[in-house]
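Data block below; observations after.
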Amino acid sequence: MAARHEELVIAETIASAKVLILTSNLHVVSDGSTGATSLIAEAEGVNCLELHPNRGKASAHAAGIGYYALASIYEGMLLLDADTRLMPDYVKTKLPRFAASDVVAVAGRAKSLPAADAGNQWVGFCSHAGSALNSITQRDRE
């Protein structure tokens with residue numbers, strides 16, 4: 001049951017990101033996942049790096065950014081957790097905040113909604129990509 005929930009969560013996250021971002025620009029890092037995360041990502045046409053054993057969030061971010069050379073390709077990155085759902089206006093409302101010369105990161109806010117199949121458990125639904133989101137640009141660091 002837990003693996004099935006993990007599969008639904010990552011599929012929903014990828015679907016919400018694909019509405020706003022080109023599929024070729026999406027990269028998933030499967031950090032020691034026991035479910036079908038990488039299979040789902042690949043079926044959706046998303047780049048996927050599998051890490052075993054689990055390295056932890058910060059190391060998984062670093063591994064993905066390094067493996068795909070993301071810092072040399074993109075001016076900014078949107079880092080999401082597997083349970084993050086982007087609002088349809090996220091990019092339109094957050095990207096202009098980088099116009100200020102002193103802004104190098106933008107974070108959103110999170111709302112939690114009850115999962116229909118989780119009884120009393122709550123799952124994170126990040127309305128604006130939540131605390132797991134960091135938009136990073138290097139333009140003002142040099």
Side-chain angles (χ1 to χ4, degrees), residues 1-118 121-142:
M1 186 69 156
R4 179 68 180 139
H5 177 70
E6 178 184 324
E7 294 167 7
L8 291 173
V9 168
I10 192 66
E12 291 170 3
T13 297
I14 291 170
S16 80
K18 285 175 76 172
V19 170
L20 302 171
I21 301 163
L22 292 173
T23 302
S24 61
N25 291 335
L26 295 175
H27 300 76
V28 169
V29 177
S30 179
D31 187 28
S33 300
T34 57
T37 296
S38 59
L39 294 175
I40 291 167
E42 291 168 1
E44 289 293 328
V46 174
N47 303 291
C48 187
L49 172 63
E50 285 191 82
L51 302 176
H52 291 285
N54 177 292
R55 297 182 186 187
K57 185 175 182 172
S59 292
H61 284 172
I65 290 167
Y67 181 81
Y68 291 109
L70 299 178
S72 66
I73 299 170
Y74 302 105
E75 279 189 56
M77 287 175 256
L78 183 64
L79 305 175
L80 309 172
D81 275 347
D83 62 353
T84 301
R85 306 294 176 275
L86 295 171
M87 295 298 291
D89 67 345
Y90 187 82
V91 173
K92 182 173 70 173
T93 60
K94 300 303 182 241
L95 199 56
R97 295 179 186 220
F98 286 106
S101 64
D102 59 343
V103 173
V104 295
V106 176
R109 64 182 177 87
K111 285 199 279 188
S112 292
L113 299 176
D117 62 348
Q121 295 178 357
W122 290 79
V123 295
F125 179 96
C126 298
S127 66
H128 286 285
S131 61
L133 169 74
N134 297 299
S135 298
I136 301 169
T137 182
Q138 297 293 323
R139 78 171 177 225
D140 294 318
R141 290 188 173 188
E142 298 174 4

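Every heavy atom of this structure was used, including side-chain atoms; hydrogens, water molecules and symmetry mates were not.
In terms of heavy atoms, Thr13 sits closest to Arg85 at OG1-NH1, 2.6 Å. Nearest approach of Met87 to Leu20, heavy atoms of both residues: O-CD1, 3.4 Å. Contact detail for Leu49 and Ala63: the closest heavy-atom pair is CD2-O, 3.9 Å.
At distances below 3.5 Å, at least one donor-acceptor pair connects side-chain atoms of Asp31 with backbone N or O atoms of Arg55. Using a distance-only test at 3.5 Å, with no hydrogens or angles considered, no donor-acceptor pair links the side chain of Tyr90 to the main chain of Leu95. A distance-only check finds no donor-acceptor pair linking the side chain of Ser33 to the backbone of Ser30 [under 3.5 Å].
Distance CD1/Ile21 to OG1/Thr23: 9.5 Å, rounded to 0.5 Å. Rounded to the nearest 0.5 angstrom, Leu70 CG and Asn25 CG are separated by 9.5 Å.
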Only distances under 3.5 Å count here; give the side-chain donor-acceptor pairs of residues 38-45 to other protein atoms, sequence neighbours excluded, each with its distance to 0.1 Å.
| residue | atom | partner | partner atom | Å |
| --- | --- | --- | --- | --- |
| Ser38 | OG | Glu50 | OE1 | 3.4 |
| Ser38 | OG | Glu50 | OE2 | 3.4 |
| Glu44 | OE1 | Lys18 | NZ | 2.9 |

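Among the candidates Ile14, Leu80, Asn47, the single residue satisfying the side chain to side chain contact (heavy atoms under 4.5 Å, CB included) test with Val28 is Ile14.
Evaluation of the ring-ring contact (aromatic ring centres under 6.0 Å, His included) rule for Tyr74 yields no partner, not counting sequence neighbours.
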Do Val29 and Leu51 pass the side chain to side chain contact (heavy atoms under 4.5 Å, CB included) test, and can you show the C-alpha distance, the side-chain angles, and the key distance before you say yes or no?
CA-CA 7 Å; Val29 177; Leu51 302 176; 3.5 Å; yes

